[in-house]
Number of protein chains: 2
Amino acid sequence: MKVLDQAAHRRFKDELYQEFARLGQALASPRRLEMLDLLAQRERSVEDLAQEMGLSIANASQHLRILAHARLVETRREGTRVYYRLAGDQVFRLWQALREVGEARLAEIGAIVQRYLGERDQLEAIDAAELLRRVEVGEVVLLDVRPFEEYRAGHIPGAQPVPPERLEQILQTLPRDREIVAYCRGPFCIFSDEAVARLRQAGFAAHRLRLGLPDWRVLGLPVAKGDTDDAP
Amino acid sequence: MKVLDQAAHRRFKDELYQEFARLGQALASPRRLEMLDLLAQRERSVEDLAQEMGLSIANASQHLRILAHARLVETRREGTRVYYRLAGDQVFRLWQALREVGEARLAEIGAIVQRYLGERDQLEAIDAAELLRRVEVGEVVLLDVRPFEEYRAGHIPGAQPVPPERLEQILQTLPRDREIVAYCRGPFCIFSDEAVARLRQAGFAAHRLRLGLPDWRVLGLPVAKGDTDDAP
DNA sequence: CACATATTCAAGTATTCTCTTGAACATGAA
DNA sequence: TTCATGTTCAAGAGAATACTTGAATATGTG
């Protein structure tokens with residue numbers, strides 16, 4: 001341990017906070033936050049992400065390079081494609097912390113949700129272990145209403161994959177005497193809102209789980225992978 | 001719950017992520033992160049902060065206004081002074097999450113610490129409840145080596161206030177047969193490093209508690225307030 | 001090898017951010 | 001009221017950022 005004079009102490013702090021600020025800078029763009037939110041669901045290639053977000057390839061690549069320099073994402077090359085993924089659960093927790101502060105403190109966020117979505121169903125109170133038990137004994141039908149690729153990359157055990165475009169088809173196959181719970185990417189993802197709205201219209205007792213799959217994962221709850229849960 | 005067409009869904013996401021990015025932008029400046037770190041210790045006036053950080057008043061005020069617009073800090077007026085404080089523990093947790101990602105993922109941060117400080121003593125493993133018990137029974141002497149005002153605003157119960165400039169004076173009063181533990185603002189604060197270095201040089205068995213007072217607080221551990229612990 | 005595809009890099013422009021300076025505003029004291 | 005103090009606001013210079021376009025690079029295929 002060296003003892004620092006005042007000037008050195010100032011330089012130390014300047015350099016240190018400068019590094020932390022690199023992370024803040026990476027979080028300072030709406031595009032990059034959306035990328036983090038999408039990458040929390042599953043890894044994706046540059047083109048794939050650009051397409052989903054409506055960005056030019058070069059622009060998407062640029063944003064991803066910035067996230068990579070801040071070490072918030074990592075890459076993997078497969079042939080000619082480069083797949084980006086979150087650099088660990090800690091990064092998701094950072095995005096989660098940001099999301100929670102925003103939700104709790106920025107009235108503007110509540111206002112936007114209200115303006116676009118009106119009142120939303122929220123299944124806040126339910127205990128995760130209790131939900132799992134009910135799914136297991138068949139009291140509750142759990143639907144994963146994200147795009148199928150995201151289901152495949154990880155889902156709540158016992159959940160049934162129901163990508164938005166397939167909801168209509170499976171309406172007939174759902175039991176009318178059981179509670180239906182739908183979840184998707186996270187608190188601000190609307191797939192589950194829309195699924196619940198449609199299900200209720202069709203006469204089902206449907207609710208929305210507020211948590212997304214990544215939130216579920218970082219709670220330490222079990223996550224299943226693969227195409228189907230038939231062979232766990 | 002309204003159903004959104006694709007364009008409305010895009011607008012919804014754009015507006016939403018834009019708001020979250022305001023928080024990221026507030027975290028994107030090294031100065032503002034340093035401010036959050038200082039405000040996590042105690043509320044401070046603009047001039048006071050500007051002085052400690054070596055900024056012009058106008059510049060400090062400007063940064064603080066940005067933090068306030070992002071609702072990360074709140075203000076209180078007292079006479080002609082305006083005191084800024086963190087807008088709740090959640091905000092500290094956000095800064096903590098950023099700090100942890102940086103610490104874990106940015107090699108540059110480890111390099112800076114290494115370059116300025118060399119190897120640091122770290123009392124990681126100790127259990128907080130165990131520490132409190134030992135302090136209570138007198139096995140451990142706990143020193144709060146932050147500036148006195150920060151001690152007064154909140155400290156670990158049983159800790160003795162030892163602002164850096166007073167360390168020399170109290171050296172004689174410390175028992176030589178007990179372990180001494182010093183803590184300060186947080187993992188990157190060097191007050192405790194310097195205190196420990198001096199104490200060891202003087203022959204004491206001294207260690208550094210990695211946690212700062214705000215970290216301690218958000219763990220839900222007890223925090224004492226006021227000038228002294230004599231009348232708890 | 002030439003060719004196609006996915007990604008990255010480089011340069012340019014418009015915008016935004018930081019810090020400075022000096023003026024304006026708010027509060028309390030004389 | 002006038003004055004002093006602490007804070008905020010407004011304008012401007014210089015640096016950094018976001019997005020576009022087009023070229024360069026890397027990998028796999030015929």
Side-chain angles (χ1 to χ4, degrees), chain A residues 10 13-15 17-36 38-39 43-85 149, chain B residues 10 13-15 17-36 38-39 43-85 149:
Chain A
R10 189 65 256 169
K13 287 198 224 170
D14 283 352
E15 291 181 31
Y17 287 112
Q18 177 61 250
E19 287 301 323
F20 286 116
R22 277 174 54 197
L23 296 176
Q25 283 154 5
L27 301 176
S29 145
R31 304 296 190 202
R32 290 195 291 271
L33 292 180
E34 185 172 357
M35 284 175 162
L36 291 179
L38 287 170
L39 293 175
E43 63 169 17
R44 301 185 84 140
S45 70
V46 180
E47 187 178 34
D48 187 13
L49 260 181
Q51 154 93 42
E52 165 130 10
M53 295 178 55
L55 302 180
S56 74
I57 306 268
N59 193 11
S61 174
Q62 223 156 178
H63 279 302
L64 286 164
R65 295 319 303 153
I66 291 170
L67 290 172
H69 276 121
R71 314 291 162 78
L72 295 176
V73 302
E74 296 171 335
T75 61
R76 166 176 86 80
R77 181 154 214 143
E78 192 177 304
T80 158
R81 258 162 243 222
V82 176
Y83 286 90
Y84 281 80
R85 62 174 179 278
E149 277 305 317
Chain B
R10 190 65 257 167
K13 287 199 223 169
D14 283 352
E15 291 181 30
Y17 287 111
Q18 178 60 51
E19 287 300 323
F20 286 116
R22 277 175 53 196
L23 296 176
Q25 283 154 5
L27 301 176
S29 146
R31 304 298 191 201
R32 290 196 290 270
L33 292 181
E34 186 173 357
M35 284 176 163
L36 291 179
L38 288 170
L39 294 175
E43 63 168 15
R44 300 184 84 140
S45 69
V46 179
E47 186 178 37
D48 186 14
L49 260 180
Q51 154 93 42
E52 166 130 9
M53 296 180 54
L55 302 181
S56 73
I57 305 269
N59 194 10
S61 174
Q62 221 155 178
H63 280 302
L64 286 164
R65 295 316 305 152
I66 290 169
L67 289 172
H69 276 122
R71 315 292 162 78
L72 295 176
V73 301
E74 295 172 337
T75 61
R76 167 176 85 80
R77 182 153 215 145
E78 193 179 304
T80 157
R81 260 163 240 221
V82 175
Y83 287 91
Y84 282 80
R85 63 173 179 278
E149 277 305 318

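So that the names make sense, note that chain A is the first sequence line, chain B the second, and so on, each numbered from 1.
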* Residue met sooner reading DNA chain D from 5', once A:His63 and A:Glu78 are mapped to nucleotides -> A:His63

* To do: Locate the shortest heavy-atom distance separating A:Gln25 from A:Gln18; write the atom from each residue and the value.
  => NE2-OE1, 4.4 Å

* What closest approach, in Å, do A:Ala21 and B:Ser29 show between heavy atoms, and which atom pair accounts for it? -> CB-C, 3.8 Å

* **Least distance between heavy atoms, A:Thr75 atom then A:Tyr84 atom** => CG2-CE2, 3.2 Å

* Asked: When the distance from CZ of A:Arg76 to P of D:dA26 is rounded to whole Å, what number comes out?
  -> 20 Å

* Asked: Contact boundaries of DNA chain C with chain B (under 4.0 Å, heavy atoms), 5' to 3'?
  -> C:dT18 to C:dG28

Between the protein and nucleotides 7-13 of chain D, are there any N/O to N/O pairs under 3.5 Å, and if so, what are the atom names and distances?
{"residue": "D:dT7", "atom": "OP1", "partner": "B:Val46", "partner atom": "N", "Å": "3.2"}
{"residue": "D:dT7", "atom": "OP1", "partner": "B:Val82", "partner atom": "N", "Å": "3.3"}
{"residue": "D:dT7", "atom": "OP1", "partner": "B:Val82", "partner atom": "O", "Å": "3.4"}
{"residue": "D:dT7", "atom": "OP2", "partner": "B:Glu47", "partner atom": "N", "Å": "2.8"}
{"residue": "D:dT8", "atom": "OP1", "partner": "B:Tyr84", "partner atom": "OH", "Å": "2.8"}
{"residue": "D:dT8", "atom": "OP2", "partner": "B:Ser61", "partner atom": "OG", "Å": "2.7"}
{"residue": "D:dT8", "atom": "OP2", "partner": "B:Tyr84", "partner atom": "OH", "Å": "3.4"}

* Asked: Are the charged groups of B:Glu34 and A:Arg10 less than 4.0 angstrom apart, N to O?
  -> yes

* Partners passing salt bridge (Lys or Arg N to Asp or Glu O under 4.0 Å) against A:Arg85 (at least two apart in sequence or in another chain) -> A:Glu74

* To do: Apply side chain to side chain contact (heavy atoms under 4.5 Å, CB included) to B:Met35 and B:Leu55, showing your working.
  => CA-CA 11 Å; B:Met35 284 176 163; B:Leu55 302 181; 4.0 Å; yes

* Asked: At how many degrees, to 10°, do the end axes of the helix from C:dC1-D:dG30 to C:dA30-D:dT1 meet when each uses five pairs?
  -> 20°

* **A:Leu33 side chain near B:Leu23 side chain, heavy-atom distance below 4.5 Å** => no

* To the nearest angstrom, how far is A:Leu27 atom CG from D:dT17 atom P? -> 14 Å

* Structure fact -> By salt bridge (Lys or Arg N to Asp or Glu O under 4.0 Å), A:Glu19 pairs with (sequence neighbours left out) A:Arg22

* Asked: Could you give all pairs that pass the salt bridge (Lys or Arg N to Asp or Glu O under 4.0 Å) test and reach residues 52-65 of chain A, with sequence neighbours left out?
  -> A:Arg44-A:Glu52, A:Glu52-A:Arg185

